[in-house]
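Heads up: the structure comes next, in structure tokens.
Protein chains get the first letters and strands the later ones, always in sequence-line order, with residue 1 at the start of each. From a predicted model like this one, the values you see are computed outputs, not experimental measurements. Atom set for the values below is all heavy atoms of this structure, side chains included, hydrogens, waters and symmetry mates excluded.
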4 protein chains.
Amino acid sequence: MLSVTPQEVFDTRHRNRDQKRTAVLNAAAELFLKNGYHRTRLDDVAESLGITKPALYNYFKSKHDILLGCHMHGHDLIDASLGEIEEEGGDGLDRLRNLIRAYAGIMTMPFGMCLVRLDEHELSDKALKLVTTRRRMVDQRFKHYIETGIADGSIEPCDVRITAFWIAGALNWVSHWFKPGKGLSSGQLQEQLAEDLTRGVARGSRR
Amino acid sequence: MLSVTPQEVFDTRHRNRDQKRTAVLNAAAELFLKNGYHRTRLDDVAESLGITKPALYNYFKSKHDILLGCHMHGHDLIDASLGEIEEEGGDGLDRLRNLIRAYAGIMTMPFGMCLVRLDEHELSDKALKLVTTRRRMVDQRFKHYIETGIADGSIEPCDVRITAFWIAGALNWVSHWFKPGKGLSSGQLQEQLAEDLTRGVARGSRR
Amino acid sequence: MLSVTPQEVFDTRHRNRDQKRTAVLNAAAELFLKNGYHRTRLDDVAESLGITKPALYNYFKSKHDILLGCHMHGHDLIDASLGEIEEEGGDGLDRLRNLIRAYAGIMTMPFGMCLVRLDEHELSDKALKLVTTRRRMVDQRFKHYIETGIADGSIEPCDVRITAFWIAGALNWVSHWFKPGKGLSSGQLQEQLAEDLTRGVARGSRR
Amino acid sequence: MLSVTPQEVFDTRHRNRDQKRTAVLNAAAELFLKNGYHRTRLDDVAESLGITKPALYNYFKSKHDILLGCHMHGHDLIDASLGEIEEEGGDGLDRLRNLIRAYAGIMTMPFGMCLVRLDEHELSDKALKLVTTRRRMVDQRFKHYIETGIADGSIEPCDVRITAFWIAGALNWVSHWFKPGKGLSSGQLQEQLAEDLTRGVARGSRR
DNA sequence: GATGAATGAGCCTTCATTCAT
DNA sequence: TATGAATGAAGGCTCATTCAT
């Protein structure tokens with residue numbers, strides 16, 4: 001949680017530049033998710049921050065750049081999680097479950113949702129390559145843990161690519177239907193999915 | 001396969017209206033998926049059909065209306081499948097597997113992909129309601145079959161809502177990664193997913 | 001009154017061409033007056049006649065041409081009246097009153113209203129010249145009768161141009177406020193105006 | 001007279017908004033009257049002000065809105081006159097003559113001409129209601145003064161509605177034929193019409 | 001750094017007119 | 001002659017971006 005509201009960030013003149021950048025991204029992500037990238041005008045973003053449109057250009061060089069920022073921020077969240085999971089160790093199945101937990105959690109947060117719900121066609125070619133690369137890294141991690149699990153016997157042999165995709169898909173979709181404060185909490189959901197999505201995958205699940 | 005190319009449909013002045021409407025939708029869906037809704041100009045759609053932009057207005061009353069048409073067409077495909085599945089019968093698990101097969105197949109086809117990959121924010125309020133209603137019907141079907149399976153003992157008791165969502169999510173995501181002619185065929189994928197996504201759900205899957 | 005409705009005119013194949021032209025003009029005039037020239041599409045005109053748009057081009061070569069037709073028809077009505085008034089004779093004041101009566105009557109009829117209420121800017125240069133010429137003829141007639149009246153002593157000396165214009169203006173304006181079936185009838189209005197507009201003009205009206 | 005030309009108003013970035021709004025209206029009114037509303041493109045209006053089309057949208061939200069602005073400005077002129085006339089007092093006939101003078105003057109000015117010569121069908125429904133309401137207020141004033149005059153004996157009894165309409169019509173028509181610098185001046189015209197249009201109306205004008 | 005104003009580029013939509021049957 | 005379909009031409013409006021203060 002921020003200790004100041006996004007508007008307050010802009011209240012004082014000489015506040016940290018990164019803080020302001022983040023405030024812009026937060027405001028933009030919220031509006032992009034609510035109304036779509038195209039239906040969100042920079043005026044809307046600026047207004048929600050209590051500043052004016054041209055001021056945004058002090059922190060981002062274009063609207064596309066803000067969109068890219070949202071994606072990058074989302075991926076930063078994922079990467080942080082990936083690091084923690086590695087540190088925690090365990091066999092392939094353990095790590096897969098930890099990844100599912102972490103990824104599911106991210107999909108309940110605005111920047112995580114951005115990764116799935118915002119139209120990637122709006123990214124510039126260069127930006128798209130960046131995003132695609134990072135996305136592949138995540139896919140790789142899913143595959144890697146599955147392969148690890150197969151190798152160490154914690155996971156039943158399977159088509160790794162398909163399995164990784166359907167698990168990732170099940171998780172990505174969370175960003176479309178999860179509503180905070182309604183139904184399960186984010187934490188409960190993480191546990192549930194870690195369990196449900198690995199039940200048919202874990203060793204011994206096949207008769 | 002069509003017996004005529006999209007361009008040929010417009011070769012003769014007087015041809016079946018529905019055929020032309022469908023040709024427009026096909027062309028639009030392809031471009032929307034490839035380049036995004038916004039980056040696709042009506043000129044592009046028209047050009048790919050060998051006609052001029054205003055001619056499109058003989059078949060659709062706006063660009064938004066074409067988008068809605070894509071969604072409706074996708075849902076028509078789903079609804080047709082839903083009918084067939086009902087006719088086929090079986091216990092809850094059988095039906096769920098049939099639904100997964102059918103739905104996975106649809107997600108490998110352009111109009112199915114449209115349902116997932118095109119930004120719904122571009123739909124008018126009225127159109128969005130239409131789409132949302134039909135989408136809920138599909139969600140309901142997933143839940144219904146799971147409940148049926150629990151009742152008839154073919155499926156282990158579980159959180160129906162969550163289970164329906166993660167299965168649907170795994171399937172929807174197919175529209176993002178499936179590339180025809182690369183890897184598994186659509187048919188193979190359907191079988192694989194029908195098996196994989198129910199393994200942890202079917203009776204006896206829990207020790 | 002027509003003995004057939006406009007739609008019926010087009011029912012039989014080989015009806016008089018002029019009859020069809022007139023039917024088109026009637027329909028167009030009504031719509032032009034009701035909705036304005038620009039807001040009236042040729043589709044609307046065609047629909048009100050029970051035919052299709054391209055059929056109109058058998059009788060008029062453009063929408064502008066239809067507009068010109070309305071103007072010409074209106075002026076034909078005036079010219080016919082002018083002829084009758086000349087035949088009737090009388091002194092300048094008598095003729096002026098007859099002119100007022102006739103002109104007021106025409107201003108209560110659709111084609112008369114067209115002359116005043118339709119935007120002349122839509123006429124082509126050539127058409128505008130035609131219309132302007134005929135309009136000047138009418139103005140001339142007003143002036144001529146006033147001059148005649150001054151010469152023969154039936155009308156008090158005055159600024160002929162101004163007088164002609166204000167009388168014509170008073171009459172033209174009828175086309176904006178006259179509603180058939182409400183208030184005075186067209187005939188009563190003609191008498192009233194013939195009296196009112198000449199009271200301050202006739203000999204002896206100045207003390 | 002303006003102390004700056006219309007173009008100069010837009011020379012500096014930060015100048016009184018109202019001044020710019022008025023400059024837009026002036027430019028638009030001139031072009032609308034000269035070429036008609038439809039044949040005037042916003043590009044034309046912008047060009048005549050030395051700015052570009054979208055800049056107009058800083059001051060008006062649509063082309064229709066500019067048209068409405070012209071009408072409103074015209075009515076503001078009238079309303080200002082109506083206030084002065086009331087202050088000046090006099091009997092019904094005096095006031096009617098003052099009204100004729102003022103109204104005739106307004107009909108020689110661009111914004112006054114707009115009220116009569118621009119096609120009201122281009123106004124939105126809402127705007128049309130606004131305009132119609134104000135127009136009725138003016139009509140009411142004509143009627144009111146005539147009634148007052150009849151009551152105080154300065155005007156002969158007559159059909160008030162018809163009389164008001166023909167006087168107003170005679171005046172409105174000024175906007176169609178008056179050319180500044182040709183023939184009578186605006187002031188002379190006002191006097192002439194105040195005299196001419198009341199000669200047959202004033203007490204004692206009927207024998 | 002911030003802002004009010006202005007711009008450039010683009011695209012949807014309309015509709016009179018024409019074409020092909 | 002009549003029509004369904006197609007087109008050419010045009011113009012209003014939006015909005016990300018830049019300019020000038």
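The heavy-atom pair separating C:Ala46 from C:Lys53 by the smallest distance is CB-N, 3.5 Å. Contact between A:His75 and A:Leu115 at its shortest, heavy atoms only, is CD2-CD2, 3.6 Å.
Between the CD1 atom of A:Ile66 and the CZ atom of A:Phe32 there is a distance of 6.0 Å, given to the nearest 0.5 Å.
Figure legend. E:dT18 is base-paired to F:dA5; pairs are counted as Watson-Crick or G-U wobble with both atom distances under 3.5 Å. The partner of E:dT13, taking Watson-Crick or G-U wobble pairs whose two distances both stay under 3.5 Å, is F:dA10.
Looking at which nucleotide of DNA chain E each of B:Asp43 and D:Leu56 is closest to, the 5′-most match is held by D:Leu56. Taking for each of A:Arg41 and D:Arg39 the nucleotide of DNA chain F with the nearest heavy atom, the 5'-most of the two is the partner of D:Arg39. Nearest-nucleotide positions on DNA chain F for B:Asn58 and D:Thr40 put B:Asn58 closer to the 5' end.
As a whole-Å value, the separation of D:Glu122 CD from F:dG11 P is 14 Å. Atoms NE2 (B:His38) and C1' (E:dA9) sit 15 Å apart, rounded to a whole Å. Residue B:His64 contributes atom NE2, which lies 13 Å from atom P of F:dT14 at whole-angstrom precision. The separation between A:Leu49 atom CG and E:dA2 atom P is 12 Å, rounded to whole Å. Atom CG of C:Leu31 is separated from atom P of E:dC15 by 14 Å (rounded to the nearest Å). Residue D:Phe60 contributes atom CZ, which lies 16 Å from atom C1' of E:dA5 at whole-angstrom precision. Between the CZ atom of D:Arg17 and the C1' atom of E:dA6 there is a distance of 12 Å, rounded to whole Å. Note: CG (B:Asp18) to C1' (F:dG4) measures 15 Å, nearest angstrom.
Comparing E:dA2, E:dT17, E:dA6 by their nearest atom to the side chain of C:Lys63 picks out E:dT17. Of the candidates E:dA5, F:dT17, E:dT17, the closest approach to any side-chain atom of A:Ser62 belongs to F:dT17. Side-chain proximity of D:Ile51 to the nucleotides E:dT7, F:dA6, E:dC15 is greatest for E:dT7. Of the candidates F:dT17, E:dT13, F:dT7, the closest approach to any side-chain atom of B:Thr52 belongs to F:dT7. For A:Leu42, whose side chain is taken as the heavy atoms from C-beta onward, the closest listed nucleotide among F:dA9, F:dG4, F:dA16 is F:dA16. With E:dT7, F:dA2, E:dA5 as the candidates, the nucleotide lying closest to the side chain of C:Ala55 is F:dA2.
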Please lay out, stage by stage, how D:Arg39 and C:Glu122 fare under the test side chain to side chain contact (heavy atoms under 4.5 Å, CB included).
CA-CA 8 Å; D:Arg39 303 181 68 85; C:Glu122 297 310 327; 3.9 Å; yes
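Atom CD of B:Glu120 has more than 12 heavy atoms from other residues, nucleotides or ligands within 6.0 Å.
Look at C:Tyr59 and you'll find a side-chain N or O under 4.0 angstrom from OP1 or OP2 of F:dA2. The side chain of D:Lys61 places no N or O atom within less than 4.0 Å of a non-bridging phosphate oxygen (OP1 or OP2) of F:dC13. At the phosphate of F:dT18, neither OP1 nor OP2 sits under 4.0 Å from any side-chain N or O atom of A:Tyr57. Listed pair D:Tyr37 / F:dG12 fails the phosphate criterion, with no side-chain N or O lying under 4.0 Å from OP1 or OP2.
A donor N or O paired with an acceptor N or O is found under 3.5 Å between the base of F:dT17 and the side-chain atoms of A:Lys53.
Under the 6.0 Å distance and 45° angle rule, D:Lys63 counts as a cation-pi partner of D:Tyr37.
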